[in-house]
Amino acid sequence: MLLRLPTSMSEAQRCLAEGAIPVGGATLVWAAWLRDGFPAQALSLREVPEANVLGARELGAAVLLSQVDDRVPEVLCGAASGIGTGAVRRAATVGGNIVGSTLRCLLPPAVVLGARARVLGADGPYETDLAELLAKQPLLLSLRWRTPVASGYRKLAEVPGGPPPFVIATAVHADSGAAPELRIAVRDGYEVLSERVPCGDGAGPVLDALSRTPIGAQDESRLEAVREQVTAVLERAGG
């Protein structure tokens, strides 16, 4: 297998056109390649500057999970720090988790941040939404979002041999001219549920509104975790 390491988007685009397979950190594809055979060419974005950005409003696809820190909103940082083991986080990438993983631990945070995906297509880079990213799986360059007033993340304890752990991602947005809004996304099994609720009147009305949504249909232990997470993020937002 030839590993190609382009240093620009134009070079990465050429690699894709020549059949190179995006590899990320290879933590998710290596076992399948050992079983099914290695591709002739693989493509890593680790030398492409646009895929390595790490800041308050953008996170590159080639950034390692272990590198995600408090430069990004708390909801993203918290999710990244809880994925796998330290060894996995030092190899796995943001793009691999969002596009290549079945768990997609970074997806709920991306949803509540209202993230958009910058991707590389046959005609060059363009921006799209998360739904198209997951459905068509173009080569992800980075995620971009609006800065929230406050955010938070919580993952419940895993049951050995059980389903994926329940996770809760929250963010409060206060766009100019609009009422403050809470965005919440939970991962239930492999499904991500999300809701948006006005939050100018505090936690009580927000929790009441959520109780009438699919998120409010969870069992009591999960609902209590949702209540605690929502209350905490609203307090941090000043609501």
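Everything numeric here is computed off the predicted structure, so don't read it as measured data.
I21 CD1 to F38 CZ: the interatomic distance, rounded to the nearest 0.5 Å, is 13.5 Å. L234 contributes atom CG, which lies 10.0 Å from atom CD of Q229 (distance to the nearest 0.5 angstrom). To the nearest 0.5 Å, atom CZ of residue R183 and atom CZ of residue R146 are 4.5 Å apart. Separation of atoms CG (L139) and CG (L45) is listed at 5.0 Å; rounding is to 0.5 Å. In this structure, the separation between CG on L113 and NE2 on H173 is 5.5 Å, given to the nearest 0.5 Å. The structure places OG of S81 at 11.5 Å from CG of D70, a figure rounded to the nearest 0.5 Å.
Following chains of ILVMFWY side-chain contacts shorter than 4.5 Å, one cannot reach V111 starting from V186, and the two form parts of different hydrophobic clusters. Side-chain heavy atoms closer than 4.5 Å link hydrophobic residues (I, L, V, M, F, W, Y) into clusters, and following such links, even through other members, never connects I215 to V167. L64 and L59 are members of different hydrophobic clusters when ILVMFWY side chains are connected at heavy-atom separations under 4.5 Å. Connection of L107 to L140 is established within a shared hydrophobic cluster, with ILVMFWY side chains joined at heavy-atom distances below 4.5 Å, either directly or through further cluster members. In the hydrophobic clustering of this structure, V230 does not group with V192; members are Ile, Leu, Val, Met, Phe, Trp, Tyr whose side-chain heavy atoms approach within less than 4.5 Å, directly or through other members.
The two residues S142 and V53 come nearest to each other via the heavy atoms CB-CG1, 4.3 Å. Annotation for P109 and A79: closest pair CG-CB, 3.6 Å, computed over non-hydrogen atoms. Minimum heavy-atom separation, R187 to P164: NH2-CB, 4.1 Å. Considering every non-hydrogen atom in both P73 and A56, the closest pair reads CD-O, 3.9 Å. Closest approach of K155 and G82 over heavy atoms only: NZ-O, 2.6 Å. The nearest pair of heavy atoms linking A122 to Q13 is O-NE2, 2.5 Å.
Proximity of a side-chain donor or acceptor of T231 to a complementary backbone N or O of E228 within less than 3.5 Å is not detected. Side-chain N or O atoms of N97 include one that pairs as donor or acceptor with a backbone N or O of C105 at under 3.5 Å. The closest donor-acceptor contact from the side chain of R89 to the backbone of I83 lies under 3.5 Å. A donor-acceptor pair under 3.5 Å is absent between the side-chain atoms of E195 and the main chain of T213, judged by distance alone.
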Going through the distances and angles, do S44 and L3 end up as a side chain to side chain contact (heavy atoms under 4.5 Å, CB included)?
CA-CA 7 Å; S44 170; L3 176 61; 4.2 Å; yes
Is there a salt bridge (Lys or Arg N to Asp or Glu O under 4.0 Å) between E50 and R118? Walk through the geometry before answering.
CA-CA 10 Å; E50 291 87 348; R118 190 172 187 231; 5.4 Å; no
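Residue pairs meeting the salt bridge (charged side-chain N to carboxylate O under 4.0 Å, His left out) criterion with at least one partner in residues 92-117, sequence neighbours excluded, are R116-E127. Counting only residues at least two apart or in different chains, salt bridge (charged side-chain N to carboxylate O under 4.0 Å, His left out) contacts with residues 52-61 comprise E58-R144.
With a 4.5 Å cut-off on side-chain heavy atoms, F166 and S221 do not count as touching. Put simply, the side chain of V112 does not reach to within 4.5 Å of the side chain of T170, judged on heavy atoms. Annotation: side chain of L54 is in contact with side chain of D69 (closest heavy-atom distance under 4.5 Å). Proximity of S151 to R236: side-chain heavy atoms (C-beta onward) are nowhere separated by under 4.5 Å. Put simply, the side chain of I98 does not reach to within 4.5 Å of the side chain of L130, judged on heavy atoms. L103 has its side chain within reach of Y190: a pair of non-hydrogen atoms, C-beta onward, lies under 4.5 Å apart. D188 is listed as a side-chain neighbour of Q218, based on a closest heavy-atom distance under 4.5 Å. In this structure the side chain of E132 never reaches within 4.5 angstrom of the side chain of V119, judged on heavy atoms.
Surrounding CG of D219 are more than 12 heavy atoms belonging to other residues, nucleotides or ligands, all under 6.0 Å away.
Screening L16, L120, L133, V99 for a side chain to side chain contact (heavy atoms under 4.5 Å, CB included) involving P138 leaves a single residue, L133. Just one of V206, D208, I184 meets the side chain to side chain contact (heavy atoms under 4.5 Å, CB included) condition when paired with V197; it is V206.
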